[in-house]
Amino acid sequence: MTDSPYDTPLGLYIAGEWITAGRDTQEVLNPADGQAVGHVPLATAADLDRALEAAERGFRAWRATAPQERAAVLARTAALVRERADSLARLATLEEGKPFAEAKGEVLATAALLDFHAGEAVRVYGRVLPRPSGTRSLVLHQPVGPVAAFCAWNFPVMNPVRKLSPAIAAGCSVILKPSEETPGAAVAILRCFQDAGLPGDVAQLVFGVPDAVSRHLLASPVTRKLSFTGSVPVGKHLLKLAADTVMKSTMELGGHGPVLVFDDCDLERTLDTLVAHKFRNAGQVCVAPTRFHVQQGIYERFAQGFAERTKKLKLGDGLDKSTQMGPMANPRRPEAIAGLVEQAVGAGARLMTGGARGEGEGFFFTPTVLADVPLSSSAMNEEPFGPVALIGSFAGVDDAIAEANRLPYGLGAYCFTENGRLQNRLGDEIEAGMVAINTVRLSWGDAPFGGVKDSGFGSEDGPEGIAAHLVTKAVHIA
């Protein structure tokens with residue numbers, strides 16, 4: 001391509017310097033047509049060493065910076081994100097494929113998260129313990145140190161900020177490695193931080209061969225925290241690397257979101273809500289509702305209603321205003337979803353709609369609904385991470401809870417019932433880090449976001465997101 005869609009060149013950001021040339025590169029593709037839109041430079045080992053040196057310097061200075069000044073940088077960054085919302089959203093759509101309206105919502109939610117962390121930056125409190133007169137015992141919460149942060153491609157604006165914002169609020173420096181498939185949005189976000197006055201040594205941005213970058217950063221004694229968003233296998237691999245230096249870690253890993261639909265729910269409202277949320281971002285969401293377990297009395301009505309609504313969704317380029325679901329983010333995903341659908345149908349699942357690749361050169365897969373899906377099928381046990389809804393039935397409450405908890409995943413779960421006593425029980429007994437009842441929203445700036453079991457540990461967002469970047473120290477004075 002002769003004309004670049006990027007306002008500024010893609011590059012690495014190390015020690016306050018943008019590096020845009022002189023490195024091996026990786027192609028960046030537009031998932032709507034499969035064409036290259038740019039090339040991102042890949043860091044060398046020497047680049048990573050420079051980034052570590054800068055992060056060490058940056059941490060010493062930033063931890064000593066007044067919390068009010070940290071808060072001001074975050075607040076200014078939030079304002080710039082809002083000011084540049086349209087260009088940020090366009091980058092997210094261009095690189096990841098989601099409809100522009102979804103991308104714009106992601107950008108505005110990102111600005112709100114920055115606002116929240118700006119407010120929390122001045123509220124990192126300790127405590128004074130009761131002691132005899134003339135002595136003191138203090139409990140302090142202090143920044144853990146330089147953070148190595150790795151994030152996925154599915155939310156190219158929000159994911160980088162989820163790593164940068166709480167660390168900066170806590171007084172840490174960060175080396176961020178976003179996905180090489182969606183680099184432009186991460187570059188644009190870091191330029192917002194830069195233009196808001198964040199010192200160059202506090203945040204570094206690198207791209208590269210994922211395994212080489214992670215091994216290099218996590219082996220260094222400079223790095224004191226690992227923050228990762230991505231798949232369960234990769235997360236477990238990184239945890240093994242982090243164990244060598246007993247590194248503090250936050251892991252936001254995969255999910256396989258169960259949805260329990262009881263026969264007393266408002267069925268039409270539930271269907272309208274769930275279909276829209278299931279196919280958000282083409283189902284490429286770690287907390288996507290995926291396994292729909294429906295009480296027998298309304299099962300067939302639910303399956304038919306879900307399929308009817310799904311058939312009406314318009315598939316297309318995310319930059320087309322009429323598009324309701326865009327392409328998948330890369331050429332790997334349609335192939336993976338096709339394999340899961342084929343295996344499920346072969347095992348006895350009923351194909352209600354979809355199940356095929358979309359038209360054109362892009363990475364499209366039609367919104368798909370499968371009913372009567374056997375529990376033994378791969379799709380019911382492996383995270384699909386795509387536009388496929390899996391529907392099965394249950395008889396009673398105990399059966400529903402057992403099925404929700406059957407898998408080793410425990411990120412997000414959804415329940416729909418008007419029974420208040422049952423709502424309390426579901427909130428208590430479902431094994432997930434986040435449970436939504438009669439709603440699908442799990443992400444709020446002031447609430448912790450994270451999972452249990454194989455879906456990870458620790459939290460992002462909320463005061464807990466900043467706490468994850470702090471260590472506790474007791475000081476006793478006589």
Side-chain angles (χ1 to χ4, degrees), residues 67 70-89 91-92 96 98 101-124 143 147 149-172 174 176 178-179 182 185-198 202-203 205 225 227-229 250 252 280-281 285-287 411-412 433-434 436 439-451 456 458-470:
R70 297 180 208 153
V73 168
L74 291 169
R76 289 195 294 268
T77 304
L80 289 171
V81 167
R82 288 191 177 93
E83 182 181 308
R84 302 171 187 179
D86 284 347
S87 62
L88 285 165
L91 282 172
E96 199 271 347
K98 67 183 64 182
E102 283 187 25
K104 184 74 172 285
E106 177 185 340
V107 172
L108 297 179
T110 298
L113 184 62
L114 285 158
D115 283 336
F116 177 79
H117 284 143
E120 289 296 300
V122 298
R123 299 189 186 98
V124 179
V147 179
F150 306 85
C151 56
W153 42 259
N154 58 334
F155 287 90
V157 176
M158 173 68 88
N159 282 342
V161 168
R162 266 197 165 133
K163 303 302 181 189
L164 292 166
S165 185
I168 289 167
C172 296
V174 191
L176 176 69
S179 170
T182 54
V187 167
I189 280 293
L190 198 58
R191 290 187 181 275
C192 289
F193 279 98
Q194 180 187 26
D195 294 345
L198 185 71
V202 176
L205 179 69
K225 175 178 168 65
S227 182
F228 174 72
T229 299
T250 299
E252 197 269 277
R280 179 175 68 111
N281 202 19
V285 182
C286 56
V287 293
L411 192 57
M434 298 167 286
T439 182
V440 289
R441 183 167 179 182
L442 292 172
S443 179
W444 300 81
D446 59 356
F449 188 99
S459 297
E460 298 185 302
D461 303 353
E464 292 83 357
I466 295 179
H469 294 80
L470 302 171

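Keep in mind that this is a model prediction, so the values were computed, not measured.
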Evaluate side chain to side chain contact (heavy atoms under 4.5 Å, CB included) for Asp195 paired with Arg84, printing each intermediate quantity in order.
-> CA-CA 12 Å; Asp195 294 345; Arg84 302 171 187 179; 2.8 Å; yes
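- How far CG of Leu108 is from NZ of Lys104: 6.0 Å, rounded to the nearest 0.5 Å.
- Closest heavy-atom contact between Val157 and Glu106: N-OE2, 2.9 Å.
- For Arg162 and Glu252, the salt-bridge test fails: no basic side-chain N is under 4.0 Å from an acidic carboxylate O.
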After noting the C-alpha distance and the side-chain angles of Val73 and Arg70, does the key distance pass the side chain to side chain contact (heavy atoms under 4.5 Å, CB included) rule?
-> CA-CA 5 Å; Val73 168; Arg70 297 180 208 153; 5.9 Å; no
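- Proximity of Leu80 to Phe193: side-chain heavy atoms (C-beta onward) are nowhere separated by under 4.5 Å.
- Not a single donor-acceptor pair under 3.5 Å links the side chain of Glu460 to the backbone N or O of Gly465.
- Residues satisfying the side chain to side chain contact (heavy atoms under 4.5 Å, CB included) criterion with Ala78, sequence neighbours excluded, are Arg82, Leu114, Asp115.
- Scored by the side chain to side chain donor-acceptor pair (under 3.5 Å) test, Thr77 finds no partners at all (sequence neighbours excluded).
- Here the shortest heavy-atom pairing between Ala186 and Pro160 reads CB-CG, 4.1 Å.
- Side-chain atoms of Asn281 and Glu96, non-hydrogen and from C-beta on, do get closer than 4.5 Å to each other.
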Checking side chain to side chain contact (heavy atoms under 4.5 Å, CB included) for the pair Ser459/Thr250: CA distance, chi angles, key distance, verdict?
-> CA-CA 7 Å; Ser459 297; Thr250 299; over 6 Å; no
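- Glu464 places no side-chain N or O within 3.5 Å of a backbone atom of Ala447 that could act as its donor or acceptor partner.
- Among all heavy-atom pairs drawn from Asp446 and Pro463, the shortest one is O-CD, 3.8 Å.
- Between Val287 and Phe449, some side-chain heavy-atom pair lies under the 4.5 Å cut-off.
- Distance alone, capped at 3.5 Å, is enough to place a donor-acceptor pair between the Arg441 side chain and the Ser443 backbone.
- Smallest separation of non-hydrogen atoms from Lys163 and Phe150: CE-O, 3.6 Å.
- Between Leu88 and Val81, the shortest heavy-atom distance links the atoms CD1-O, 3.8 Å.
- Side-chain contact check for Leu176 versus Cys151: some heavy-atom pair is nearer than 4.5 Å.
- Pro178 has its side chain within reach of Leu205: a pair of non-hydrogen atoms, C-beta onward, lies under 4.5 Å apart.
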Could you walk me through whether Phe155 and Thr182 pass the side chain to side chain contact (heavy atoms under 4.5 Å, CB included) check?
-> CA-CA 9 Å; Phe155 287 90; Thr182 54; over 6 Å; no
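- When atom types are taken as modelled, the side chain of Lys225 and the backbone of Ala468 share a donor-acceptor pair closer than 3.5 angstrom.
- Residues Asn159 and Asn154 bring a donor and an acceptor atom of their side chains to less than 3.5 Å of each other.
- Residues Leu113 and His117 meet the side-chain proximity criterion, which asks for heavy atoms closer than 4.5 Å.
- Remark: Leu198 CG to Leu190 CG distance equals 7.5 Å, nearest 0.5 Å.
- When all heavy atoms of Pro156 and Lys98 are compared, the closest pair comes out as CD-NZ, 4.1 Å.
- The structure places CZ of Arg76 at 9.5 Å from CG of Leu74, a figure rounded to the nearest 0.5 Å.
- Side-chain contact check for Val174 versus Val202: every heavy-atom pair is 4.5 Å or farther apart.
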